[in-house]
A.B. asks: 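I'd like to ask you about the structure that follows.
Small disclaimer: the values here were computed from a predicted structure and weren't measured.
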Amino acid sequence: MKPAGGRARVDSWLNSIVISRRHMTGAGCNVSPLWGYPPCYTPRQPSVLKLLHRGSESSVEMHVLLLKEPREGGSGPDPYIKELASRGHNATLIPVLSFTFVSLNTLSDKLFQPEQHGGLIFTSPRAVEAVKMCLEDDERTEQWNMDIKDKWNAKSIYVVGKATATLVENLGLVPLGEDTGTADVLSRLILEREDANILPLLFPCGSIKREVLPTALRENGVSLDTLMVYQTAPHPDLEKNLKNHFTEQGVPDSIAFFSPSGVKFCLETVRRLSGEQLMQIKFAAIGPTTAEAMTAEGLSVSCSADKPTAEHLAAGIAKALQ
């Protein structure tokens, strides 16, 4: 038995996901609890059942692999997994990098002498984490909250990206440059605001850093006090986790990279595990620097986030998967 009103009415019902009770009853027309349409109805080809997700449409749930570290601080689900789920896609996160913190005593000494510097620069969440580790001692924390953070806030605290900015705010500092997205753009912001007479800017960073920002500042007479506070290496379980994931879940529909280091450490294994299906994968980048690293390795980049945020990357991936 077909629902009253014929196919036109059912088509209209499918689009609105609204159906009167009389259409949900009758011989052979019980509503499927999974999809919400009568199993007696076969859509006219090539129509596809569409599910609504935050104003965008997705016909099939796709599998996205996120090659990134877990969420920095806070609680709840990773924002990238949450954003992709809201668009109807299933995402899995595999940590790519491991970090070893170094020179924390030196960093601590510099942090508690703000008068020696013209400001701070953070281009990664790990650098902020290093500062947080310097404040774990109760006496240091008290001194920081009493006057040291205010002395830093009288200067400029430059950051790249929302995640780093949030962690900086958690230290009681006021960040500038959250929307810059890359070190290149941040360097231009710094040069617009500072002159060559400024005291050195304290720049805690990792062992793998691009020279774009230091070079741009140095060439324009702005001095840096660069201090390596963490060393970056591949996550010890990276290859095993990738192999297990591909074995259990198959080749992902999309793979997102979050740093040039992630491309360097993952790509060979991803290529080997994907085999002939590599060309079918939609590769995504968190930003232009990562996209450049992917292109340099011969990957076709399907999308690069307009801004390094979960919402922008998820929107780009969802569009690429349509």
A.B. asks: Under a 3.5 Å distance rule, please check whether Lys155 uses its side chain to pair with a backbone N or O of His117 as donor and acceptor.
C.D. replies: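 Yes, the answer is positive, given that a donor and an acceptor are paired below the 3.5 Å cut-off.
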
A.B. asks: Got a sec: does the CD of Gln143 have more than 12 other heavy atoms crowding it under 6.0 Å?
C.D. replies: yes

A.B. asks: Do Ile157 and Val128 belong to the same hydrophobic cluster, where Ile, Leu, Val, Met, Phe, Trp and Tyr are linked whenever their side-chain heavy atoms lie under 4.5 Å apart, directly or via other members?
C.D. replies: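 In one cluster with Ile157: Val128, yes.
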
A.B. asks: Considering residues, nucleotides and ligands other than Glu115, do more than 12 of their heavy atoms fall under 6.0 Å from its CD?
C.D. replies: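 Yes, enclosed.
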
A.B. asks: Assess, by modelled atom type and distance only, whether the side chains of Ser124 and Tyr230 contain a donor and an acceptor separated by less than 3.5 Å.
C.D. replies: yes

A.B. asks: Using the rule given for side-chain contact (heavy atoms from CB on, under 4.5 Å), can you reason through Val96 versus His235, listing the C-alpha separation, both sets of side-chain angles and the distance that settles it, and then say yes or no?
C.D. replies: CA-CA 5 Å; Val96 172; His235 191 284; 5.8 Å; no

A.B. asks: Taking Asn197's backbone N and O only, do any of them form a donor-acceptor pair with Asp195's side chain (distance below 3.5 Å, no angle check)?
C.D. replies: yes

A.B. asks: Between the side chain of Asp253 and the main-chain N/O of Val64, is any donor-acceptor distance below 3.5 Å?
C.D. replies: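 No, Asp253 side chain to Val64 backbone: no donor-acceptor pair under 3.5 Å.
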
A.B. asks: Has the side chain of Thr290 got a donor or acceptor atom that lies under 3.5 Å from a matching backbone atom of Gly287?
C.D. replies: no

A.B. asks: Can you tell me if Thr141 uses its side chain to pair, donor with acceptor, with the backbone of Leu135 under 3.5 Å?
C.D. replies: yes

A.B. asks: Is any NZ, NE, NH1 or NH2 atom of the basic residue among Glu83 and Arg87 found under 4.0 Å from an Asp or Glu carboxylate oxygen of the other?
C.D. replies: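 Salt bridge present between Glu83 and Arg87.
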
A.B. asks: Could you walk me through whether Trp144 and Asp137 pass side-chain contact (heavy atoms from CB on, under 4.5 Å), step by step?
C.D. replies: CA-CA 10 Å; Trp144 175 266; Asp137 179 78; over 6 Å; no

A.B. asks: State plainly whether the residues Lys209 and Glu211 are in salt-bridge range, i.e. N to O under 4.0 Å.
C.D. replies: yes

A.B. asks: So does Ala291 get a backbone contact from the side chain of Thr295, meaning a donor-acceptor N/O pair under 3.5 Å?
C.D. replies: yes

A.B. asks: Can you tell me if NZ on Lys149 sees more than 12 non-hydrogen neighbours from other groups inside 6.0 Å?
C.D. replies: yes

A.B. asks: Does Asp138 CG have over 12 foreign heavy atoms under 6.0 Å away?
C.D. replies: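 At most 12 heavy atoms, drawn from other residues, nucleotides or ligands, come within 6.0 Å of this atom.
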
A.B. asks: More than 12 non-hydrogen atoms from neighbouring residues, nucleotides or ligands closer than 6.0 Å to CD on Gln113, yes or no?
C.D. replies: yes

A.B. asks: Answer yes or no: is there a donor N or O on one side and an acceptor on the other, between the side chain of His89 and the main chain of Met62, under 3.5 Å?
C.D. replies: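 Yes, His89 side chain to Met62 backbone: donor-acceptor pair under 3.5 Å.
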
A.B. asks: Please check if the side chain of Trp152 supplies one atom and the backbone of Leu111 the other of a donor-acceptor pair under 3.5 Å.
C.D. replies: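 Indeed, once roles are kept as given, a pair shorter than 3.5 Å links the two residues.
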
A.B. asks: Is the closest side-chain heavy-atom distance between Arg218 and Val222 below 4.5 Å?
C.D. replies: no

A.B. asks: Following the transitive rule for hydrophobic clusters with a side-chain heavy-atom cut-off under 4.5 Å over Ile, Leu, Val, Met, Phe, Trp and Tyr, establish whether Tyr158 and Val160 coincide in one cluster.
C.D. replies: yes

